[in-house]
Amino acid sequence: MKDKFYYVLKDCLSNRQTWVRETEIYFKFRHLKEKANNKIFEGNFILKILHRLINFPLNSLIFIKKMRDYYEYNQTLKEIEIINNEIQKYEVENSKSGE
């Protein structure tokens, strides 16, 4: 018999999978934006170094945010895996009790 927790898990799984898909799109967009920013300084090495030195504190914070984003992404992938395992347990129990 499936209880309320089973349906909460299904809903949670759906929400997490949607979040992962949207985050992957965000990562792709961020990568394209970085490529465009690098094209600005193409051929002008001195200006590129000067820009990086001036924006070092901001770039450090952006790097930390990227690390946090990747951590949350990987954490959510693990949550999806664990939720899937729990749902499978419910389905196995349900099929055994239905026999």
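Position 1 is the first residue of the sequence, and the numbers go up from there.
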Subject >> Cationic tip of R52 above F63 ring, under 6.0 Å, 45° of axis >> reply: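 Judged by the rule, R52 and F63 form no cation-pi pair.
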Could you grab the distance from atom [atom1] of [X] to atom [atom2] of [Y], nearest 0.5 Å is fine?
| X | Y | atom1 | atom2 | answer |
| --- | --- | --- | --- | --- |
| I83 | T76 | CD1 | OG1 | 9.0 Å |
| N55 | S60 | CG | OG | 10.5 Å |
| E91 | N84 | CD | CG | 9.0 Å |
| I64 | N59 | CD1 | CG | 11.5 Å |

Original post:
Around L58, counting heavy atoms of other residues, nucleotides and ligands shown, do more than 12 lie under 6.0 Å from its CG?
Top reply: yes
Cluster check [X], [Y]: I/L/V/M/F/W/Y, side chain < 4.5 angstrom:
| X | Y | value |
| --- | --- | --- |
| W19 | I82 | no |
| Y70 | L61 | no |
| I87 | V8 | no |
| F27 | L77 | yes |

Side-chain polar contacts of residues 35-45 - donor-acceptor pairs under 3.5 angstrom, sequence neighbours left out - could you list them?
from, atom 1, to, atom 2, distance (Å)
N38, ND2, E34, O, 3.4
N44, OD1, L47, N, 3.4

Original post:
Does the side-chain contact (heavy atoms from CB on, under 4.5 Å) test come out yes or no for D3 and Y6, once each step is laid out?
Top reply: CA-CA 6 Å; D3 59 2; Y6 173 81; 4.1 Å; yes
Subject >> Min side-chain heavy-atom separation D69-R30 under 4.5 Å >> reply: yes
Subject >> Listed partners of K89 passing side-chain hydrogen bond (donor to acceptor under 3.5 Å, both in side chains), at least two apart >> reply: E86
Subject >> Qualifying salt bridge (Lys or Arg N to Asp or Glu O under 4.0 Å) pairs, either residue in residues 9-28, two or more places apart >> reply: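 Listed once each, the pairs are R16-E79.
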